[in-house]
Amino acid sequence: MTEKSWDEQRFQDIEYNLKAVREALARAAEDSGRTAADIELMAVTKTVEERFINHAIDCGVTLIGENRVQELLRKKPNLRLAGVRKNLIGHLQTNKVAQIVGEVDMIESVDSLKVAREIGKQSLKKGVVTDVLVEVNIGLEASKTGLSPEETPERIAEMAEIAGLHICGLMSVPPICEDRAKLCKYFENMYNMYVDIGAKKIDNVSMNVLSMGMSGDFAEAVRAGSNHVRVGSRIFGPRVY
Ligand SMILES: *Cc1c(COP(=O)(O)O)cnc(C)c1O
């Protein structure tokens, strides 16, 4: 195929995939007594070139997620972002905080008190309040970032004291599980933690966003109570690193 027709094919695939994901999301929402409007769909755009991201935006995507600060800042000027929010979803190093604060709508991957303090500090400097999610390592995996479930409530209470940031909810990437029942248990544990922390009514903490569910498991996540799914490869096709 020529390069042109390869692009055309990919544009079509993205449109088709988005439609299929939206339909599957709507079914999962209904299974949990909600509607599609209750669940936010994020298109995860890491490694995807700008023309394909812009096509997804033309097809109605209003929220995108990137996992690397540099990649996000590099692509941003080339994206048609009117009416589109962009969130950081990958691990954030303290020394990159100054670059990203004010450039995104939300940081979903706050995984330490140290990075939370730096986000607060840089936000005050820029005169903004940064919305954040606290990332929970629900499977206690050594390979993953995120707070342990055990320490999460206490750390959130500490982060709530930091000026310049607002905690909006929780984010998690559960372990890869062949066993669907086990996977659902992780999602349910996250949902329970989200509800319990919300019930504490901590000042400066609003548990409104529960970000969980990716290409392979968003339906299970939504049935367990997620209201914000992060879908990459099922929209844009497999990533080649
Ligand atoms: C890459 C990524 C996703 C999307 O993964 P897919 O399996 O391609 O849907 C979601 N969340 C995070 C944090 C990611 O890094």
Side-chain angles (χ1 to χ4, degrees), residues 10-46 48 52-67 79-89 104-109 131-136 138 166-174 176-177 180-181 183-195 197-198 206-239:
R10 191 149 181 219
F11 286 143
Q12 272 180 30
D13 290 347
I14 290 167
E15 189 171 354
Y16 176 89
N17 292 344
L18 265 171
K19 199 163 165 262
V21 167
R22 286 203 180 99
E23 284 168 6
L25 258 185
R27 281 195 301 275
E30 277 157 28
D31 289 345
S32 65
R34 294 173 293 171
T35 70
D38 299 316
I39 319 291
E40 183 131 56
L41 170 62
M42 167 192 284
V44 176
T45 54
K46 63 190 184 201
V48 178
F52 300 116
I53 303 173
N54 282 328
H55 184 71
I57 291 170
D58 291 344
C59 295
V61 163
T62 53
L63 173 64
I64 63 169
E66 283 278 346
N67 67 336
L79 298 176
R80 292 194 282 272
L81 287 174
V84 177
R85 284 166 300 132
K86 54 254 163 259
N87 293 2
L88 183 74
I89 59 173
V104 288
D105 293 274
M106 185 181 272
I107 298 172
E108 298 200 4
S109 40
D131 285 337
V132 304
L133 302 183
V134 173
E135 183 177 354
V136 181
I138 192 69
H166 179 66
I167 300 169
C168 303
L170 304 178
M171 185 272 239
S172 189
V173 182
I176 295 167
C177 285
R180 289 278 137 173
L183 177 67
C184 291
K185 196 74 205 155
Y186 285 121
F187 287 141
E188 285 160 20
N189 291 346
M190 277 300 302
Y191 180 73
N192 291 336
M193 187 183 310
Y194 169 78
V195 170
I197 295 172
S206 43
M207 285 285 131
N208 290 330
V209 181
L210 180 57
S211 173
M212 60 183 194
M214 313 189 348
S215 289
D217 58 17
F218 66 80
E220 284 88 348
V222 166
R223 281 192 219 108
S226 165
N227 59 15
H228 181 109
V229 297
R230 310 177 308 270
V231 181
S233 47
R234 189 133 169 225
I235 296 172
F236 294 105
R239 285 181 293 276

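When a residue number appears, it is its place in the shown sequence, counting from 1.
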Does [X] use its side chain to pair, donor to acceptor, with the backbone of [Y] at less than 3.5 Å?
| X | Y | value |
| --- | --- | --- |
| Thr45 | Gly65 | yes |
| Asn54 | Leu79 | no |
| Ser226 | Leu210 | yes |
| Asn17 | Phe236 | no |
| Arg10 | Gly237 | no |

Calculate, to the nearest 0.5 Å, the distance between atoms [atom1] and [atom2] belonging to [X] and [Y] respectively.
| X | Y | atom1 | atom2 | value |
| --- | --- | --- | --- | --- |
| Cys59 | Lys19 | SG | NZ | 11.5 Å |
| Arg22 | Ile235 | CZ | CD1 | 7.5 Å |
| Arg223 | Asp217 | CZ | CG | 11.0 Å |
| Asp131 | Glu108 | CG | CD | 10.5 Å |
| Leu63 | Asp105 | CG | CG | 8.0 Å |
| Glu188 | Ile138 | CD | CD1 | 11.0 Å |

>> Tell me whether Tyr191 at atom OH has more than 12 heavy atoms from other residues, nucleotides or ligands lying less than 6.0 Å away.
In response: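 It does not: Tyr191 OH has 12 such atoms or fewer within range.
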
> Is the CD atom of Glu15 crowded by more than 12 outside heavy atoms at less than 6.0 Å?
Replying inline: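 For Glu15, atom CD is not crowded (no more than 12 foreign heavy atoms under 6.0 Å).
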
With a 4.5 Å limit on heavy-atom distance, are the side chains of [X] and [Y] in contact?
| X | Y | result |
| --- | --- | --- |
| Asn67 | Arg230 | no |
| Leu170 | Met207 | yes |
| Met193 | Asn189 | no |
| Asn87 | His228 | yes |
| Pro174 | Met212 | no |
| Asp58 | Phe11 | no |
| Leu41 | Val229 | yes |
| Phe218 | Ile39 | no |

If you take all heavy atoms of [X] and [Y], which pair is closest and at what distance?
| X | Y | answer |
| --- | --- | --- |
| Leu133 | Cys168 | CD2-C, 3.7 Å |
| Leu88 | Ser109 | O-OG, 3.8 Å |
| Ser215 | Gly232 | OG-N, 3.5 Å |
| Ala36 | Ala26 | CB-CB, 3.9 Å |
| Arg80 | Val84 | O-CG2, 4.0 Å |

> Quick one: which of Ile53, Val48, Val44 gives a side chain to side chain contact (heavy atoms under 4.5 Å, CB included) with Glu66?
Replying inline: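 Output: one option passes, namely Ile53.
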
> Do Tyr194 and Asn227 pass the side-chain contact (heavy atoms from CB on, under 4.5 Å) test, and can you show the C-alpha distance, the side-chain angles, and the key distance before you say yes or no?
Replying inline: CA-CA 11 Å; Tyr194 169 78; Asn227 59 15; 3.5 Å; yes

> Can Arg85 and Glu40 be said to form a side-chain contact (heavy atoms from CB on, under 4.5 Å), step by step?
Replying inline: CA-CA 11 Å; Arg85 284 166 300 132; Glu40 183 131 56; 2.4 Å; yes

